[in-house]
*Asks:* 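I'd like to ask some things about the structure below.
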Amino acid sequence: MKLNKSFYLSDNVVEVAQALIGKQLCVSIDGIIKSGVIVETEAYSYKEKACHAYNYKNTKRTSTLFEKGGIAYVYLCYGIHSLFNIVTNEKGFPEGVLIRAVEPTGGIELKKKITSGPGKLTKALGITLKHDKVDLTGDQIWVEEIGHQTVIEASKRIGVDYAGEDAELLWRFTSKNNQWISK
DNA sequence: ATTAAGATGCGCT
DNA sequence: GCGCATCTTAATA
């Protein structure tokens with residue numbers, strides 16, 4: 001069952017990040033659907049330094065985060081990697097959930113662990129910068145409830161040491177004992 | 001116009 | 001564990 005818009009409009013991005021664990025992410029490209037269960041997320045909010053849109057910093061890159069929740073935020077990191085986020089909250093409140101890892105369920109090459117990392121999973125799913133601002137209630141990218149029961153663990157986020165005290169926030173959520181999460 | 005740095009991943013030691 | 005590839009954005013002038 002596809003999640004509807006209201007799921008993404010919560011003003012508590014941390015709750016959304018937790019709720020997304022165990023949901024299934026689907027991407028439809030050229031009629032081919034690729035899917036995977038979300039097993040690792042991170043929450044980002046304008047309230048803390050690690051976020052691109054910290055303190056309502058609205059730039060060309062972060063403008064997507066200021067849009068109404070329920071759309072994709074894809075951006076290029078280090079000139080190489082496309083990172084996929086889900087924008088939450090109402091328009092003007094930049095918050096989002098970074099998808100760091102998924103467990104492949106369909107349409108993805110299963111031989112190698114190519115989904116265990118924010119840069120790799122986008123490639124595995126075929127997500128590109130063209131998907132920036134794509135509506136997640138549409139037919140290109142969406143998230144659906146599949147009734148997965150998961151034990152969620154909270155930990156510190158990765159790669160945000162520069163954020164000082166905010167790097168200590170336990171805003172990374174993983175599915176316990178899952179082999180697909182990044183290390 | 002110029003430059004520094006980044007929500008990473010890979011290869012090598 | 002460490003360094004590099006690679007390029008867009010943003011801060012500075």
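All values below were derived from every heavy atom in this structure, side-chain atoms included, with hydrogens, water molecules and symmetry-related copies excluded. Letters go in sequence order (proteins before strands), and every chain restarts at 1.
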*Asks:* For the pair Glu145(A) and Lys23(A), find out whether any cationic side-chain nitrogen is under 4.0 Å from an anionic carboxylate oxygen.
*Replies:*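 Result for this pair is yes, salt bridge flagged.
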*Asks:* Taking the side chain as every heavy atom from C-beta outward, state whether Asn89(A) and Val13(A) have any pair of such atoms under 4.5 Å apart.
*Replies:*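 They are not in contact (no side-chain heavy atoms under 4.5 Å apart), so the answer is no.
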*Asks:* To which residues is Ile80(A) joined in a hydrophobic cluster, defined by side-chain heavy-atom contacts under 4.5 Å among Ile, Leu, Val, Met, Phe, Trp and Tyr, whether direct or through other members?
*Replies:*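 Grouped by the 4.5 Å side-chain rule, Ile80(A) forms a cluster of one, so the answer is none.
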*Asks:* Check which hydrophobic residues are tied to Ile146(A) through side-chain heavy-atom contacts below 4.5 Å, counting indirect links as well, and list them.
*Replies:*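 Answer for Ile146(A): Val37(A).
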*Asks:* First contact, last contact: which nucleotides of DNA chain B are these for chain A, 5' to 3', heavy-atom distance under 4.0 Å?
*Replies:*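 Counting from the 5' end, contacts occupy dG6(B) to dC10(B).
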*Asks:* At 4.0 Å (heavy atoms only), tell me whether Leu98(A) reaches a base, stays on the sugar-phosphate, or touches nothing.
*Replies:*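 Base contact.
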*Asks:* Can you tell me the distance, in whole Å, between the CG atom of Asp132(A) and the C1' atom of dT9(C)?
*Replies:*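 It works out to 14 Å between those atoms.
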*Asks:* For DNA chain B, what is the dot-bracket line, given that a base pair needs Watson-Crick (N1 to N3, plus N6-O4 or O6-N4) or G-U wobble (N1-O2 and O6-N3) geometry with both distances under 3.5 Å, and | means paired with another strand?
*Replies:* ||||||.|||||.
*Asks:* Does the Glu95(A) side chain pair with the main chain of Tyr46(A), one donor and one acceptor, at a distance under 3.5 Å?
*Replies:*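 Side chain of Glu95(A) to backbone of Tyr46(A), a donor-acceptor pair under 3.5 Å: no, none is there.
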*Asks:* Which of parallel (below 30°), tilted (30 to 60°) and perpendicular (above 60°) describes Tyr73(A) and Tyr75(A)?
*Replies:*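 The arrangement is parallel - the two ring planes meet at less than 30°.
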*Asks:* Where is the tightest heavy-atom contact between Trp142(A) and Ile33(A), given as atom of each residue plus distance?
*Replies:*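 Looking at all heavy atoms of both residues, the shortest contact is CH2-CD1, 4.1 Å.
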*Asks:* Could you check which residues of residues 77-95 of chain A get a heavy atom under 4.0 Å from DNA chain C? Sort them by number, please.
*Replies:*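 Going residue by residue through residues 77-95 of chain A, the ones with a heavy atom under 4.0 Å of DNA chain C turn out to be Tyr78(A), Gly79(A), Ile80(A).
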*Asks:* Do Glu144(A) and Lys2(A) meet the salt-bridge criterion of a basic N to acidic O distance under 4.0 Å?
*Replies:*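 Not counted as a salt bridge, because no side-chain N and carboxylate O are separated by less than 4.0 Å.
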*Asks:* Quick one: hydrophobic cluster around Val39(A), which other residues, with the 4.5 Å side-chain cut-off, linked directly or via members?
*Replies:*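 Grouped by the 4.5 Å side-chain rule, Trp180(A), Ile181(A) form the rest of the cluster around Val39(A).
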*Asks:* Would you mind reading off the distance between Tyr75(A) atom OH and dT6(C) atom P, rounded to a whole angstrom?
*Replies:*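 Answer to the nearest Å: 19 Å.
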*Asks:* One thing to verify: whether Glu42(A) and Arg157(A) come together as a salt bridge, which I'm taking to mean a side-chain N less than 4.0 angstrom from a carboxylate O.
*Replies:*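 A salt bridge is absent here (no side-chain N lies under 4.0 Å from a carboxylate O).
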